[in-house]
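All residue numbers refer to positions in the sequence shown, counting from 1.
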Amino acid sequence: MELQLTGKTVLITGGSEGIGKAAAAEFANEGALVAICARRADVLKAAAAEICQTTGGKVIAIPADVSTLEGCNAFVQQAAQQLGGVDVLVNNAGRSAGAPFDALPDADWIPDIDLKLMAAVRCSQAAIPFMKLVGGGRIINITHVGGKAPGAGTLPSSVSRAGGIALTKAMSKDLAKDNILVNTICVGLIKSGQIERAARGRSPDATLDEAYARMGGAIPLGRIGESREVAAMIAFLASSVGGYITGASINIDGGMAATV
């Protein structure tokens with residue numbers, strides 16, 4: 001399938017590992033020009049170098065903390081300057097956070113919302129003027145199925161992710177007139193640094209593959225997902241083939257969600 005992404009400029013937050021890194025590799029393989037950001041400069045630069053080497057594509061690393069307004073603006077402005085614009089924005093930055101409501105102090109709420117919800121708001125606001133200059137664009141927000149059906153002990157993350165899902169639908173309505181398509185991918189358990197650490201913590205006596213197998217046993221498909229599987233959907237939504245999809249929330253979770 002021809003995705004027609006050659007020469008497109010793509011910005012990805014949280015691009016040093018997991019879904020963000022896999023998405024950067026997917027876009028680079030398709031001939032897009034990619035900028036990734038994360039807070040850990042050394043890990044980020046190593047990821048960009050690895051992707052460039054394996055794909056032969058162009059991936060630039062811009063260290064930034066997108067939990068702040070300044071970090072969001074700096075990333076988008078520098079990426080647009082170096083790549084020549086913004087066609088696609090993937091709001092992927094996040095972290096795993098979950099606790100019962102009555103054990104969650106006030107100080108834990110705002111950092112989570114800043115990183116998962118407000119980063120998407122701020123990066124999108126910075127990127128949209130560049131998209132309008134070229135007659136449209138794509139925004140893909142990576143959220144979580146827990147934002148649709150929160151479980152016990154999932155705060156504040158499930159609230160932040162629910163906000164991201166609502167944000168996606170509202171943005172899609174407001175930006176359709178500008179040919180800017182906005183969708184969200186709601187992930188379940190997908191292999192990443194965070195999930196690896198969780199798997200090892202739950203099964204310290206097992207190999208990583210064994211730990212993954214135990215963690216994925218309750219999922220209907222019987223396994224944890226691969227980052228590349230999410231990356232393929234991200235690229236599809238960013239492509240010309242996905243040109244009539246906006247305001248959608250797509251579960252990539254092996255069937256674990258209680259909702260469609």
Side-chain angles (χ1 to χ4, degrees), residues 1-66 71-94 119-120 122-142 179-183 185 190 192-193 226-243:
M1 184 181 296
E2 177 54 56
L3 298 183
Q4 299 179 22
L5 290 169
T6 300
K8 295 293 185 181
T9 54
V10 181
L11 280 58
I12 303 172
T13 67
S16 61
E17 62 180 19
I19 293 170
K21 182 180 177 183
E26 186 79 15
F27 280 112
N29 271 322
E30 291 289 339
L33 310 176
V34 184
I36 58 176
C37 80
R39 286 179 282 197
R40 296 175 296 169
D42 56 339
V43 178
L44 181 71
K45 291 176 182 178
E50 178 188 335
I51 297 168
C52 289
Q53 183 176 17
T54 57
T55 67
K58 180 176 182 178
V59 180
I60 61 172
I62 301 175
D65 179 1
V66 294
C72 292
N73 287 338
F75 171 56
V76 173
Q77 294 296 328
Q78 290 178 43
Q81 182 177 22
Q82 294 184 49
L83 298 181
V86 181
D87 294 307
V88 179
L89 171 64
V90 181
N91 288 309
N92 171 67
R122 293 160 175 163
C123 286
S124 297
Q125 287 177 331
I128 285 168
F130 293 102
M131 294 180 179
K132 288 182 177 181
L133 286 175
V134 294
R138 304 283 196 276
I139 298 173
I140 298 138
N141 298 319
I142 308 303
N179 193 35
I180 297 174
L181 282 58
V182 189
N183 295 288
I185 296 175
I190 306 295
S192 66
E226 302 286 344
S227 293
R228 58 178 172 75
E229 294 175 302
V230 183
M233 179 57 70
I234 292 171
F236 173 81
L237 291 173
S239 74
S240 60
V241 183

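In this structure, the side chain of Asp87 does not engage the main chain of Lys8 through any donor-acceptor pair within 3.5 Å. Side chain of Thr9 to backbone of Val88: no donor-acceptor contact under 3.5 angstrom is found. A donor-acceptor contact shorter than 3.5 Å links the side chain of Arg138 to the backbone of Ser239. Of the possible donor and acceptor atoms, one in the side chain of Asn92 sits under 3.5 Å from a partner among the backbone N and O of Gly14.
When side chains are defined from C-beta on, Phe236 does not count as touching Glu26, because their heavy atoms never get closer than 4.5 Å. A 4.5 Å side-chain heavy-atom check between Leu83 and Lys58 finds at least one atom pair inside the cut-off. Contact of the Ile234 side chain with the Ile19 side chain is registered, since non-hydrogen atoms from C-beta on lie closer than 4.5 Å.
Within a 6.0 Å radius of CD in Glu2, other residues, nucleotides and ligands contribute more than 12 heavy atoms.
Of the options Ile36, Val59, Ile142, a side-chain contact (heavy atoms from CB on, under 4.5 Å) to Ile12 is made by Ile36 and by none of the others.
Within the model, atoms CG of Asn29 and CG of Leu5 stand 11.5 Å from one another, a figure rounded to the nearest 0.5 Å. A distance of 3.5 Å separates CD in Glu50 from NZ in Lys21, rounded to the nearest 0.5 Å. A distance of 11.5 Å separates SG of Cys72 from CG of Leu11, quoted to the nearest 0.5 Å. Between the CZ atom in Phe75 and the CG atom in Leu89 there is a gap of 7.5 Å [rounded to 0.5 Å]. Interatomic distance, Cys123 SG to Ile139 CD1, rounded to the nearest 0.5 Å: 10.0 Å. Atom CD1 in Ile128 sits 12.5 Å away from atom CG in Leu133 (nearest 0.5 Å).
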Next on the checklist: I'd like to know whether Ile180 forms a side chain to side chain contact (heavy atoms under 4.5 Å, CB included) with Lys132, so could you lay out the CA-CA distance, the side-chain angles of the two residues, the decisive distance to 0.1 Å, and finally the verdict.
Outcome noted: CA-CA 8 Å; Ile180 297 174; Lys132 288 182 177 181; 4.2 Å; yes

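Taking every heavy atom of both residues into account, Ala119 and Val66 meet most closely at CB-O, 3.2 Å. Listed here is the closest heavy atom pair of Val34 and Ala28: CG2-N, 4.1 Å.
Looking only at atom types and distance, the side chain of Asn91 has no donor-acceptor partner in the side chain of Thr13 under 3.5 Å away.
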